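Given the structure is predicted, the values throughout are model-derived calculations rather than measurements.
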Amino acid sequence: MQTKTDTTSPTILLVEEQDELRTFLADQLTADGYVVHETADLDRALCLCAARRPDAALIDVNGGSGRAFVAEVRRGGRLGVDARLALILLGTSPGELEAVRAFDAGADDYLVKPLSYPELRARLRALLSRVERLTRRSSTINVGELHIDMAQRRVSVGDQEVHIGGKELALLRALAAEPTRVFRKEELLRSVWGFRSLGSTRTLDSHACRLRKSLNVGHGQFVINVWGVGYRLIDGPIADCEPAVLAAAS
């Protein structure tokens, strides 16, 4: 299910193997104004984390594989998944031991099934509120004259604001995380678009070209094509672009 009526609505990834419970939770969350992406498959969930960039995820423990999923997210790196994603584990075992296991794996919260939806909603709202406060303090990326405010979805070069599309912004954010590193095309297609393989698509090259033209309003050159490999945001060491203040954006 994917329902979205408001572009500012928080996005929730729901991973639950029980079809009835998954449908119930998805319906309730959607009714409460969330954008819901649901799946029963943890491998697909990782792809959705990278492609959809959810604000939070509700994960079924599922015999321990849910905890492994949480640990995988917290390690970061795979498919470009944000290691700081807000995570709530849903389990069937009450008691301190299961809760401790959930938190040790990296979960932000743990709830026992059968669920009380009002409690789930309250805990989710509280978690998202904490994440929002943290995000406001760490959502700005500056690389030389380039300024990216992910909270406001605003980009400027020097004093001039630049208007770019949603996918170009996602690509810029990915490149700005490590501005001098060359990101392979396969890596960017997975992390920004959720593609499993490179194939013959020109999607990345087209968006990179548009992004480069949009940013070409000052003296700096951004979005460097490394022939046969991929892209990086800037050429040369980061010291050449001081002052640079990099803060990961969620």
Side-chain angles (χ1 to χ4, degrees), residues 4-11 33-35 49-56 80-86 128-185 187-195 201-226 230-250:
K4 189 166 186 175
T5 58
D6 181 354
T7 56
T8 64
S9 298
T11 300
Y34 295 104
V35 178
C49 281
R52 303 302 182 184
R53 299 282 180 172
D55 298 289
V81 174
D82 188 346
R84 299 159 303 160
L85 175 64
L128 288 172
S129 179
R130 292 197 300 271
V131 170
E132 183 181 4
R133 289 195 297 271
L134 291 172
T135 299
R136 283 199 296 266
R137 295 198 295 266
S138 63
S139 63
T140 301
I141 306 174
N142 300 317
V143 183
E145 292 186 331
L146 176 63
H147 310 287
I148 310 165
D149 186 335
M150 292 305 304
Q152 299 295 323
R153 300 182 68 82
R154 296 177 60 183
V155 177
S156 60
V157 178
D159 295 328
Q160 184 170 345
E161 186 170 349
V162 178
H163 299 282
I164 61 177
K167 280 301 181 185
E168 280 82 21
L169 180 60
L171 175 59
L172 179 58
R173 175 173 58 180
L175 294 172
E178 297 180 70
T180 62
R181 179 166 83 84
V182 178
F183 289 82
R184 293 177 294 106
K185 289 187 176 183
E187 185 179 2
L188 291 169
L189 282 169
R190 286 196 303 265
S191 64
V192 178
W193 282 271
F195 290 1
T201 180
R202 299 289 296 174
T203 295
L204 171 58
D205 297 318
S206 297
H207 283 81
C209 181
R210 287 198 291 270
L211 179 58
R212 184 187 301 113
K213 290 180 180 178
S214 297
L215 297 177
N216 188 25
V217 296
H219 300 294
Q221 183 179 5
F222 301 100
V223 190
I224 310 299
N225 184 4
V226 180
Y231 292 91
R232 63 184 171 194
L233 183 59
I234 60 174
D235 198 5
I238 193 68
D240 292 345
C241 298
E242 295 291 342
V245 180
L246 302 181
S250 58

Minimum heavy-atom separation for Arg154 and Glu161, please, with both atom names.
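Answer, listing the atom of Arg154 first, then Glu161: NH2-OE1, 3.3 Å.
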pair Leu85-Cys49: side-chain heavy atoms closer than 4.5 Å:
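Side-chain contact under 4.5 Å: yes.
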To the closest 0.5 Å, what do you measure between OG (Ser214) and CG (Leu169)?
11.0 Å
If I compare all heavy atoms of Ala86 with all of Asp55, which pair ends up nearest, and what's the gap?
CB-O, 3.6 Å
Measure the CG-CG distance between Leu171 and Leu189 for me, rounded to the nearest 0.5 Å.
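Reported to 0.5 Å precision, the distance equals 9.5 Å.
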Work out which heavy atom in Tyr231 is nearest to a heavy atom in Val223; give both atom names and the distance.
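Shortest heavy-atom separation between Tyr231 and Val223 comes out as CD2-CG1, 4.1 Å.
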For salt bridge (charged side-chain N to carboxylate O under 4.0 Å, His left out), just list the numbers for Glu187 and Arg181, CA-CA rounded to whole Å, side-chain angles, deciding distance to a tenth of an Å, and then say yes or no.
CA-CA 12 Å; Glu187 185 179 2; Arg181 179 166 83 84; 2.9 Å; yes
With rounding to the nearest 0.5 angstrom, report the CG to CH2 distance, Leu204 to Trp193.
5.0 Å
Under the side-chain contact (heavy atoms from CB on, under 4.5 Å) criterion, do Gln160 and Val157 qualify, and how do the steps go?
CA-CA 5 Å; Gln160 184 170 345; Val157 178; 5.5 Å; no
Assess the residue pair Leu215 and Val155 against the criterion (side-chain contact (heavy atoms from CB on, under 4.5 Å)); give the C-alpha distance rounded to whole Å, side-chain angles, the decisive distance to 0.1 Å, and a yes or no.
CA-CA 9 Å; Leu215 297 177; Val155 177; 4.0 Å; yes
Atom of Pro179, atom of Ala176 and distance for their closest heavy-atom approach
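Of all heavy-atom pairs spanning Pro179 and Ala176, the closest is CD-O, 3.4 Å.
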I need the His147 NE2 to Asp149 CG distance, nearest 0.5 Å.
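Result: 11.5 Å between the selected atoms.
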As an exercise, state the distance from CG of Leu172 to CD1 of Ile148, rounded to the nearest 0.5 Å.
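The distance works out to 3.5 Å.
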Run the side-chain contact (heavy atoms from CB on, under 4.5 Å) test on Val162 and Ser156 for me, step by step, so that the C-alpha distance in whole Å, both residues' side-chain angles and the decisive distance to 0.1 Å come before the verdict.
CA-CA 5 Å; Val162 178; Ser156 60; 5.6 Å; no
Looking at Arg153, I want to see if its CZ is surrounded by more than 12 non-hydrogen atoms of other residues, nucleotides or ligands under 6.0 Å.
no
Are any of the side-chain heavy atoms of Leu128 and Tyr34 separated by less than 4.5 Å?
yes
Side-chain touch His207/Leu211, heavy atoms, less than 4.5 angstrom:
no
Going from OG1 on Thr11 to CZ on Arg53, what distance comes out if it is rounded to the nearest 0.5 angstrom?
12.5 Å
Taking all atoms of both residues into account, what is the closest heavy-atom pair of Asn225 and Gly230, and its distance?
OD1-O, 3.4 Å
Less than 4.5 Å apart, side chain to side chain, heavy atoms only: is that true for Leu233 and Thr180?
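Result no, sub-4.5 Å side-chain heavy-atom pair not found.
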Taking all non-hydrogen atoms of both residues into account, name the closest pair between Leu175 and Arg232 and its distance.
CD2-CA, 4.2 Å
For a side-chain contact (heavy atoms from CB on, under 4.5 Å) check, start with the C-alpha distance between Lys167 and Val192, then their side-chain angles and the critical distance, and finish with the verdict.
CA-CA 7 Å; Lys167 280 301 181 185; Val192 178; 4.3 Å; yes
